[in-house]
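What you see is a predicted model; the values in this text were computed from it and never measured.
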Amino acid sequence: MSDLTGWTIALIVLGCIAAFFALIYCIYLVFVYTAPARYAKLISHNTTSIDDFVGSQPSARSCLKVVTMHNFGVGSKHVTNRVGLALKAEESDKVPGLKVTTRNDSGTPIPTSLKPPLVVGTIRMGFGHHRIAYAATSWGIDALNGNRDTYFHDFLNIKCPESTLIHETDQKYSKGSRMASEMGGRVEQFWGSLTKSGDEDSLRVTYQMAEQLRPVMLGLDKRSPIVASHSLVAAAAVAAGFTNVINLVIDNYAQWFVVVPGALNLVQGPSNYHAFLRMGVPPSQLQLAGHWIPKDLVEGIPSACARRTKRAGCKPLRLLIPVGGAGAQRKFVSKLIRALSPLVKAGKVQLFLNAGDHVHMRDAFIEALTSSGLEYDTVGDMTGVRAFKDALLESYDVEPKTSATLFSFTDYFTAVATTDILCNVADVLTCKPSELAFYPIPKLMIRRVGDHEAYSALRASELGDGTLEAREVEDALAYVELMMKKELLTEMNASIVRNNTIGVYDGCKNAIRIALERAEAAE
């Protein structure tokens, strides 16, 4: 009798569980069934049809995915504001000739002129997008020569509910990157797969968020040429009615969410160009431009490569090791510093460590240096950075005060710009395959944070100016041993010089030229 009672109870429990899951499934089916209507309502006021751009209508499940992700990222209660924010533009205290936009609390909009400004738009999400934007402005300021203003338009610099949305999204991404890098294993694999899952739905979600960001663009002159280093900026510009929009496509892995319908999407390499064509991006909205590099680095290629070639095999190998804006890589880079310490102590390697504005990375660098018994100098502001560079450029025989130098800052601009400045005096840029994978300096590509970055390392390797990705410290050390000799660095610098003669590094130069030509034609 007790056995029968036990079986009865078990069957009742199993029945309850089955009924629960059946109810959940029924609720899911209801959501799926109603999703197309909710999706149609969501996109009803959009400026551009993403479905037409990708060439297909979303399935019911895709509709549910897009609506759910939009509500998660933006919030179902957020009301789209179609009124432009009053903005002002002030002279940059960092870059001569550049004007920076901010919120104008007085409510007086930026005055229009016969020559609307060139607007380089970006979002301070990590260092990459900002770095690319500053690279573009370096060509813009020079090309315009005072004929029209150049604006640096960072969405996060415009204090408003829309910028808060972006900031919250960035915090989630940065946290995910750091966790994946620190935990490794299955977590890193899962995060890596997410960074490569940019299907048509990802573009639908991205563009829908861009519709929310219209007010950040509507305060600008719609005649302005827009050069965007983030697809959200380009999409927001298109949504706001701008017609001369250039989207600087990041990375070397084709995904839907990095291109923007209604914009001219410029890519850095031919494999990306081929892939986007195969995906169905209209040829009229796609063009191969070259790498996103600042003007001074491009123009300094002959002299910088000559200096590195002269030092190769004769002088200590200078490794510039920066961290990304998300502040990931702590574990890997700390292990690498410890592994390099015998070579540093022997005077064969010098370390330029840029912790950026990340306190936790500064502390990690200090711990790795002190535990390895390495003496180091510290630089903490832009004046010190420029003095450090100028001293090393004075003479072939000048070397840093110590074999390791730690660069750490409290302001964002200096954190980003320092890596670009030090590329002039470093022998090798040692970094993950981010936007820096495209830079005209010999590169040791170390462990990636997202799987999409692997293709940027491949681009560098095929061009001859970088290595394949070294995912383990032992692999990185093997490359360092090769770079301490003459042959590899000599060939890498020769490749950079050859690449430069065919315009590989002229991406930002071409982007500005195209934007201004289109603007002049429309005026």
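Of the charged side-chain nitrogens involved, at least one lies within less than 4.0 Å of a carboxylate oxygen, so that Arg498 and Glu491 count as a salt-bridged pair. Ion pair Glu367/Arg338 flagged as a salt bridge, since at least one NZ, NE, NH1 or NH2 atom sits closer than 4.0 Å to an Asp/Glu carboxylate oxygen. Remark: Arg447 does not engage Glu469 in a salt bridge, criterion side-chain N to carboxylate O under 4.0 Å.
Met209 CE to Ile166 CD1: the interatomic distance, rounded to the nearest 0.5 Å, is 5.5 Å. The CD1 atom of Ile337 sits 6.5 Å away from atom CG of Leu351, with the distance rounded to the nearest 0.5 Å. Atoms CD and CD, from Glu453 and Glu435 in turn, are 8.5 Å apart once rounded to the nearest 0.5 Å. Note that the NZ atom of Lys99 and the CD atom of Glu90 stand 10.0 Å from one another [nearest 0.5 Å]. Here the CZ-OG1 distance, from Phe127 to Thr418, works out to 9.5 Å after rounding to the nearest 0.5 Å. Here Leu463 contributes atom CG and Asn499 contributes atom CG; the two are 5.0 Å apart, rounded to the nearest 0.5 Å.
Remark: of the listed residues Thr467, Ile446, Val428, Thr467 is the sole one forming a side-chain contact (heavy atoms from CB on, under 4.5 Å) with Tyr479.
Between the side chains of Thr309 and Thr490, no donor-acceptor pair of N or O atoms lies under 3.5 Å. Asn157 and Thr102 share no donor-acceptor pair across their side chains, judged by distance under 3.5 Å alone. Between the side chains of Tyr253 and Asn272, no donor-acceptor pair of N or O atoms lies under 3.5 Å. Defined by atom type and a distance below 3.5 Å, a donor-acceptor pair is present between the side-chain atoms of Asn265 and Asn247. Between the side chains of Thr101 and His153, at least one donor N or O sits under 3.5 Å from an acceptor N or O. One side chain, Asn493 or Arg308, offers a donor N or O that lies under 3.5 Å from an acceptor on the other. Under 3.5 Å, the side chains of Asp465 and Tyr505 contain a donor-acceptor pair of N or O atoms.
With contacts defined as side-chain heavy-atom distances shorter than 4.5 Å, the pair His230/Val233 qualifies. Using a 4.5 Å heavy-atom cutoff, the side chains of Phe388 and Leu422 are in contact. With contacts defined as side-chain heavy-atom distances shorter than 4.5 Å, the pair Lys88/Arg103 does not qualify. You'll find the side chain of Lys295 reaches within 4.5 Å of the side chain of Asp142, heavy atoms only. Looking at heavy atoms from C-beta onward, Leu266 lies out of side-chain contact with Asn510 at the 4.5 angstrom threshold. Within the 4.5 Å cutoff, side-chain heavy atoms of Leu444 are placed close to those of Val480. With a 4.5 Å cut-off on side-chain heavy atoms, Ile321 and Val333 count as touching. Inter-residue side-chain proximity for Val425 and Phe352 is flagged as met; some heavy-atom pair is nearer than 4.5 Å.
Using a distance-only test at 3.5 Å, with no hydrogens or angles considered, a donor-acceptor pair links the side chain of Asp381 to the main chain of Gly384. Proximity of a side-chain donor or acceptor of Ser456 to a complementary backbone N or O of Ala437 within less than 3.5 Å is not detected. Ser224 contributes no side-chain N or O that, together with a main-chain N or O of Leu118, makes up a donor-acceptor pair within less than 3.5 Å. The main-chain N or O of Ile496 is never found under 3.5 Å from a side-chain atom of Asn500 such that the two would form a donor-acceptor pair. Between the side chain of Ser372 and the backbone N or O of Leu369 there is no donor-acceptor pair closer than 3.5 Å. A donor-acceptor contact shorter than 3.5 Å links the side chain of Asn424 to the backbone of Ile421. Using modelled atom types, one side-chain atom of Asp154 and one backbone atom of Leu156 make a donor-acceptor pair closer than 3.5 Å. Looking at Trp292, its side chain never comes within 3.5 Å of a backbone N or O of Arg131 through a donor-acceptor pair. Arg148 contributes a side-chain N or O that, together with a main-chain N or O of Pro116, makes up a donor-acceptor pair within less than 3.5 Å. A donor-acceptor distance shorter than 3.5 angstrom exists from the side chain of Lys443 to the backbone of Tyr439, with no hydrogens or angles considered.
Of all non-hydrogen atoms in Thr419 and Leu320, the two that sit nearest each other are O-CD2, 3.7 Å. Here the closest non-hydrogen pair linking Val473 and Phe332 is N-CE1, 3.8 Å. Closest approach of Cys423 to Ile441, counting heavy atoms only: O-CD1, 3.7 Å. When all heavy atoms of Glu399 and Leu392 are compared, the pair lying nearest together is C-CD2, 3.8 Å. In terms of heavy-atom proximity, Arg318 sits nearest to Val398 at NH2-O, 3.1 Å. Annotation for Ala519 and Pro225: closest pair CB-CG, 4.0 Å, computed over non-hydrogen atoms.
In this structure, Arg124 satisfies the cation-pi test against Tyr412, with its NZ or CZ atom closer than 6.0 Å to the six-membered ring centre and inside 45 degrees of the ring normal. Cation-pi geometry between Lys315 and Tyr396 is met: under 6.0 angstrom from the ring centre, within 45 degrees of the axis.
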Q) Can you list the steps and then say if Val216 with Cys160 is a side-chain contact (heavy atoms from CB on, under 4.5 Å)? A) CA-CA 8 Å; Val216 190; Cys160 58; 4.1 Å; yes

Q: Output, in order, the C-alpha distance, side-chain angles, deciding distance and verdict of side-chain contact (heavy atoms from CB on, under 4.5 Å) for Ile366 and Tyr376.
A: CA-CA 9 Å; Ile366 291 174; Tyr376 66 93; 3.5 Å; yes

Q: Would you please test Val227 and Leu248 for side-chain contact (heavy atoms from CB on, under 4.5 Å) and show each step?
A: CA-CA 7 Å; Val227 177; Leu248 306 184; 3.9 Å; yes

Q. Going through the distances and angles, do Val323 and Lys432 end up as a side-chain contact (heavy atoms from CB on, under 4.5 Å)?
A. CA-CA 8 Å; Val323 296; Lys432 71 185 183 75; over 6 Å; no

Q.
One pair to check against salt bridge (Lys or Arg N to Asp or Glu O under 4.0 Å): Arg362 and Asp357. What are the steps and the verdict?
A. CA-CA 8 Å; Arg362 179 202 65 193; Asp357 58 351; over 6 Å; no

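Checked against the 6.0 Å centroid threshold, Phe413 and Tyr134 count as a close aromatic pair. Between Phe438 and His291, a ring centre-to-centre spacing shorter than 6.0 Å is recorded. Here the two rings, on His358 and Phe409, have centers that are 6.0 Å apart or farther. Checked against a 6.0 Å centroid threshold, the rings of Phe152 and His130 count as neighbours.
Within a 6.0 Å sphere centred on NZ of Lys348, other residues, nucleotides and ligands contribute 12 heavy atoms or fewer. Other residues, nucleotides and ligands place no more than 12 heavy atoms under 6.0 Å from the CD atom of Glu375.
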